[in-house]
Amino acid sequence: MVDYERQNLPELLQAYYRLLFPHKLFHRWLSYDNENGYFERREFSFTLAGDIYVRYQSFGDSLEMERAIVSRCPEKIDIGAVYNIRPKESKSVGLVAFKAEHRELVFDIDMTDYDDVRTCCKGADICPKCWPFMIIAAKILNRALREDFGFQHLLWVYSGRRGIHCWVADRRARKLGGDARAAIVEYLSVIEGGGFKDKKVSFDGTHSLHPSIVSALKTIDRYFDSVVLDKQKPLETPQQMNAIVDLCPDSALKEQLKTALLNPKLKDSTDRWDQLVTICGGYFDKLSKQKAFTKLKNRHFVDELKLQLCYPRLDINVTKGLNHLLKTPFSVHPKTGRICVPIDFNEMDSFDPFKVPNISSLCHQIDDKSRSDAPNERSYEKTDLHKSVKIFQNFIQNIEKEIKLLKIKDSDDKMDF
Amino acid sequence: MQFNANRETRLWKGSSGTGLKETPLVGHHMTNQYDDSINFYTIPPFGKISLEESEDMVAERLNLLMVCDEMLKNLEKTSNFKRNKTYFESLENRLLNAESKNEKNFYAMGKQKSKNMEVINARRRDQISHFLLRIYYCRSDELKKWFISRECEILRARLMDNSITADLPSILAKNGFNFQEVPEEERRRLMDQINWNNTLRQSVNIVVYKIPFEESLEAIKTRKVFLNAGNAYIMVQDMVSVICSKFRAELSHSLAIMQLSLHQLEEDQRLIPRLQSLHTHIIENRNSSVKTEDELGREIVRPQMIDGLSKESFPPCMQNTHEILRREHHLRHYGRLHYGLFLKGIGLSLEDALDFFREEFIKKTTPEKFQKEYSYNIRYNYGKEGKKVVGKAYSCQKIINDNPPGTADTHGCPFRHFDAKNLQQFLRKQNINENQSQEILEIVANEQNYSKACSKYFSCKHYWYPEMNVYHPNQYYTESRKAFKMSALTPPGSGNQSALLTANDMSMTANATADSLDESVFETEDEFDKSVAAMDLDVSVAEPIACTDSTEPQE
């Protein structure tokens, strides 16, 4: 792979937008089978060189969009909501009348939010040891969105640096109001509290765990040994052990765990975790046999620990706000030069963010000849972008199929009258 | 009286299977709609009723709504806005005991199982009073919002009654709520998950509804129900929030339709004024019986007095801000800061300040947002947050010179920050006559002496000229209150005499004013000392700053 250098970005972007960016597909996606005026009422936002934000742009058709992108060469393109009127005309209409109507239901997960549980990197860095947190998060969310909420058209996208996005494009999802989005996020969030709250997951032991949480735990169990215990090693030093054990709300159990984990026979995090699970299990079994129900309110402790370590940490404001902006797929991340590529969910486990093509390599892959050629819709086929575009195409085709079915159903419903 | 405009088109899926049009509302069928203790008000009442009787019914209902009003206001003050068990217990208790001319109010009486005449009568009062109040509360968005949420609270209280659960499926069906029941086979297959929390010991014959998740947001938010393929599986006893939100939507729809045909109802000159006065009497004057002075003889300012006081005694800057708050239901940062501290200075308590701003702000935003974004500032002003220092009301000098209003801001000194045209309009609105208005405008234009202009304004409003120029909004206020007290001592009709007060009287008043001002604005001696120093500064700076700025548009 060719190394990316930030100083070359303006030049690279020109070539990328002219030759590689899938403008036509983009337009096809956002028109949703030509639902009336959908595309024209969509907000686009450009970030130009020098952090200049240009919001509330909209385009009449694919060509107008392509021209704007190619000529202005934005460092970042965001997609906003579908408004009741064309956003570019919003200034002529009073702000009160200008309203966001529809948008995809979107999720944003960022690795920085895992800083208190990952031991390998901090901040914007990621490595093969912590990336699997994203895999677990995606699997849990994917199941809940499909099975619980019944959504079908999910596009998973690598954000270009340290996280993932999910776009839910079902018609039902696009129509959700702000309160419904907020309710969905609350349903999907279990991590609560910031830097000043250590125990971030708490469930009342007098109740069972909700089926959705039980499913999440099943997913976590599949990864817990290999990802958390082997890669992250959360129970190596006495400090680490204390930090985990201190989360235990039952003081008697906490004391028991503290001494037990210091046992020198336990060699590594895996041994110590097993010991912790065994002790907690025995402790709560005993209480349960004694029918000491009031003392059982902490019985979900082990599950709470697992959730605190692995459950998806959503940026809730991105999902809640109907008019919130989110970076488009196929944008270029200015810091890493990597493309925000769609991910085939079936291959989520093997997805490697470090192998995502960067803009320098892609431009290198188009040979000099085709560079000087007139822009060709299919130039991407010669590059590593090929596979990502296929995933995107697939996603769009499935949406179009759904809309066709819905249209037939709509007209059938009308016939009933 | 006709309620036809309000009729809904939904079909009745009751046991008889009749459509609404065929449902006779008279004769022996009358009792059918009073079968259950819960009424969703889908059928308007029919028949004749005397004005006196209707007045009693309306008063009865308003007392119940008042209970809900107070309960909801308390709920808004809690940290998580969650209705817990204690909340429902106290709501139920207070509703059962709400005032009524009858031995028991219709809420309490209508609840009883036995269907004797008294119970039916109570349920009838429930129905009629609800529809009567619709006529009054449909006339503005604010009234509608108030009415709907209070009505929902009554419904919620009724639904929380455990004894209703068994009848609920049939009540819902009768009232046209076509919630989809989960078929037997599916229910058996999913029972473990539906009943994930073991709320049901015997789960054999329980009715479970399958509700699109968009209609059961409350339930999914709290992860209370099982969710599958976009549907929430809700057991009948957990349906409260779903039913309430549906009822809310339908009531809101009905009121909107009714509002459109208001002009037909306006013709009836007997009913509307009565409803209006009952509303004012019961809802708006609820706090009117409280004391008006504290133990030191100072006027106690309560939120409901602010409108009146603002017209009489607020300095122009604060009156303007008050009007903007009432009109826009919002103030931007400096508006909140200046006005909030001013109100604190005139004696509004922290609790009342929170109530006052909350009530206005939540017309435009949610109670949650108010709690999160605005209540901190108000508490801060009162020294309950941050540095825990009691905030000082801004002096004229600060209001005039610091943080001038930006393009979207509305705070500031009208004499300094309005252009001549707007200032003239403002003065006209305050009933300043044209000659005097011209004088004020000249002081502003020629001398740029805003303090003098404000004093002149004061004299126009009170028929006297204060000895000291106005240098602080709270000074203006206190002086104005004194003036009103004094003129109240003079015989009615001799208002002009107050203009003849001797110079001696006036200086005495001014001194007394300065003292009471400090007492009311500052709480500790330390603060008091500093404030005196600051005030000296204010006075001495007041003159020079008046002529520094030349950018004021001159016409």
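Residue numbers start from 1 in every chain, and the chains themselves are labelled A, B, ... in the order their sequence lines are given, proteins ahead of strands.
Considering CG of A/Leu209 and CG of B/Asn197, their distance stands at 9.5 Å, rounded to 0.5 Å.
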Would A/Phe149 and B/Ile220 count as a side-chain contact (heavy atoms from CB on, under 4.5 Å) here? Give the steps. CA-CA 10 Å; A/Phe149 290 96; B/Ile220 67 163; 3.9 Å; yes
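Surrounding NZ of A/Lys407 are more than 12 heavy atoms belonging to other residues, nucleotides or ligands, all under 6.0 Å away. Atom NZ of A/Lys295 has 12 or fewer neighbouring heavy atoms from other residues, nucleotides or ligands inside a 6.0 Å radius. Heavy atoms of other residues, nucleotides or ligands lying less than 6.0 angstrom from NZ of B/Lys364 number more than 12. Applying the 6.0 Å contact sphere to OH of A/Tyr53 captures no more than 12 heavy atoms from other residues, nucleotides or ligands.
In this structure a side-chain-to-backbone donor-acceptor pair under 3.5 Å is present from A/His210 to B/Val225.
Contacts of A/Leu145 with chain B are absent, with no heavy-atom separation under 4.5 Å from either backbone or side chain.
Contacts between residues 165-190 of chain A and chain B, defined by a heavy-atom separation under 4.5 Å, are made by A/Arg172, A/Leu176, A/Asp179, A/Ala180, A/Ala183, A/Ile184, A/Glu186, A/Tyr187, A/Ser189, A/Val190.
Comparing B/Lys224, B/Arg223, B/Glu214 by how many heavy-atom pairs each has under 4.5 Å with chain A, the most go to B/Arg223.
In terms of heavy-atom proximity, B/Phe226 sits nearest to A/Pro211 at CD1-CG, 3.8 Å.
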